[in-house]
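Remember, it's 1-based here, ligands and their atoms both numbered in the order they're listed. Given the structure is predicted, the values throughout are model-derived calculations rather than measurements.
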Amino acid sequence: MVTKAETASISTSESLFEKAQRHIPGGVNSPVRAFRSVGMTPLFISRAKGSHIFDADGNSYLDYVGSWGPMILGHADERVLEAVIRACRNGTSFGAPTESEITLAAKIKSAVPSVELIRFVNSGNEATQGALRVARGYTGRDKIVKFAGCYHGSVDPLLVKAGSGATTLGVPDSLGVPAAVVQDTLIAEFNDLQGVENLSLRNSGQIAAIILEVIPGNMGVIKPDAGFLRGLRELCDREGIVLVFDEVMTGFRVAWGGAQSLFQVFPDISTFGKIIGGGFPVGAYGGKAEIMSQVAPLGGVYQAGTLSGNPVAMAAGITTLTILEKENPYPKLDERSRNLMDAFAAAARAGGKSLQTACYGGMMGFFFSEGTVRNYGHALASDNDSYIRFFRGMLNEGIYFAPSAYEAMFISTAHEEQDFERTVEAAQRVMATL
Ligand SMILES: *Cc1c(COP(=O)(O)O)cnc(C)c1O
């Protein structure tokens, strides 16, 4: 199938991109949207419904990006829309507390019992920033440990992946982040407990927090070793370090209780975002009451937000979580993700390539790689060119995947059996040409 966008000399998306670049750096408000890593220009989206998005040229695509995670009920779910419109009619922001914040907080706590007190913010970025600040305030220590390839938002001290293999001193990934800001950020390899133990020994009594994506989804999707997670928990208990699980992507995505419920390892602080906002800008950080009571106005750790706990966003989040709790779609999402990844792996094998796959609930990913992918180095060594060809081939088939090999893919409860059949048939055709 050839899309309209390809036959037209210049598409509406291309002309919008041209215009956007005159006003917005690179034409986009978040870098991955620019399609640079697949060597294309972005589709401008005009609307979306259920499992499909529609671009400005009127082409329809089956969507496996789901706004990068939030849209677990599919796009423009009528029940969420109704709740949002109802909330809007009562006023869209007050800068004062509302009952809806209590409802969403209680809902999250009931799903994730490690959370005793929770603070709402406006994005995942703010959530991880708040989590670090409270961990530092609570422990009176400055250093933090993060893992190479784990993404926690564009927060200054976390914008560091790895120096050379030999050094564990943070080197910023971005211009504009002063070296002083990341000098307390220590980098470890994911799934390497011994490496973290060594860091802890060398920085004894100085580490405030260890932060990680329990199931990393921002370097492709990586399987955590249960022993690695348990080992981090024990290390943190022994050394008085605050363990922070960044569940911005995995929260309510991989299971009702998040990734921590799958592995039965529980953090001191969790961060959330994406699904808890039901498609609106929301983040949250929460955990042990003893730690969270350091947050102002209870304690001396300051953190604030004009639109935090926004009633419209709360309404979208409450409705989304209420539906997820009632319908428990996770077993079905698990099964569908597994079937999809198995079918992709078989199609790749038929085309002479090896796929490494991982899937958890409605989140999954695959690498073109012969060997198991356990950390960032392995992920970077996977075959990026094959992914780019896969992405372009699938887009030609009217199926929209993330425009980068190092992102997760997402399904929603609105994806139907026929959507998956169509995807598998397209993948078989595309994988045969890689
Ligand atoms: C998306 C994401 C963030 C950042 O959330 P934003 O809402 O984009 O600020 C942080 N951590 C993880 C694990 C994420 O996937």
Side-chain angles (χ1 to χ4, degrees), residues 28-34 64-72 108 112 118-133 135 144-161 173-174 185 190 209-224 229 243-255 258-260 262-263 267 269-287 303 305 307-310 313-314 316-317 320 358 360-365 376 379 402-404 406-410:
V28 293
N29 283 309
S30 201
V32 71
R33 296 180 194 170
Y64 285 100
V65 177
S67 185
W68 304 95
M71 311 317 299
I72 193 166
I108 294 172
V112 188
I118 186 164
R119 169 60 62 82
F120 289 111
V121 291
N122 301 291
S123 66
N125 265 268
E126 277 182 71
T128 57
Q129 185 181 51
L132 284 192
R133 189 175 301 148
I144 52 174
V145 174
K146 84 171 280 290
F147 294 90
C150 279
Y151 175 70
H152 306 291
S154 51
V155 175
D156 279 3
L158 294 171
L159 262 189
V160 43
K161 281 178 195 123
D173 274 346
S174 167
T185 305
F190 198 81
I210 296 178
I211 184 168
L212 65 149
E213 294 180 79
V214 187
I215 303 165
N218 285 288
M219 48 172 151
V221 178
I222 301 227
K223 295 177 189 163
L229 299 174
L243 183 59
V244 181
F245 281 180
D246 181 351
E247 296 235 37
V248 170
M249 182 184 290
T250 50
F252 301 93
R253 167 54 68 182
V254 300
Q260 54 194 273
L262 289 183
F263 296 96
I269 300 284
S270 300
T271 57
F272 300 95
K274 298 189 172 129
I275 287 176
I276 66 159
F280 283 77
V282 181
Y285 62 105
Q303 181 272 309
L307 290 168
S308 292
N310 175 267
M314 294 293 107
T320 300
Y360 299 93
M363 163 180 172
M364 72 213 81
Y376 191 42
S404 156
Y406 308 108
E407 303 287 353
M409 55 185 277
F410 302 106

- Query: Without hydrogens or angle criteria, can the side chains of Arg133 and Gln303 be said to hold a donor-acceptor pair below 3.5 Å?
  - Reply: no

Among all protein non-hydrogen atoms, which one is nearest to [atom], and what is the separation to 0.1 Å?
atom: atom 3 (C) of ligand 1; value: Val248 CG1, 3.7 Å
atom: atom 11 (N) of ligand 1; value: Asp246 OD2, 2.7 Å
atom: atom 8 (O) of ligand 1; value: Asn125 ND2, 4.2 Å

- Item | Atom pair CD (Glu247) and CD1 (Ile108), whose distance is rounded to the nearest 0.5 Å |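 Interatomic distance, Glu247 CD to Ile108 CD1, rounded to 0.5 Å: 11.5 Å.
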
Does [X] reach the main-chain N or O of [Y] with its side chain, forming a donor-acceptor pair under 3.5 Å?
X: Arg253; Y: Gly69; answer: yes
X: Thr185; Y: Pro157; answer: yes
X: Thr250; Y: Ile215; answer: no
X: Lys146; Y: Val160; answer: yes

Subset of ligand 1 atoms that lie under 4.0 Å from at least one heavy atom of [X]:
X: Tyr151; value: 11 (N), 12 (C), 13 (C)
X: Gly153; value: 4 (C), 10 (C)
X: Gly124; value: 4 (C), 5 (O), 6 (P), 7 (O), 9 (O)
X: Glu213; value: 13 (C)
X: Met249; value: 15 (O)

- Query: For the residue pair Phe272 and Phe252, does the interplanar ring angle fall in the parallel (under 30°), tilted (30 to 60°) or perpendicular (over 60°) class?
  - Reply: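 Rings of Phe272 and Phe252: tilted, 30 to 60°.
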
- Query: Is Asn218 in polar range of ligand 1, meaning some N or O pair under 3.5 Å apart?
  - Reply: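 Yes; at least one N/O pair falls below 3.5 Å.
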
- Message: If we only consider heavy atoms of Lys274, is any one of them less than 4.0 Å away from an atom in ligand 1?
- Response: yes

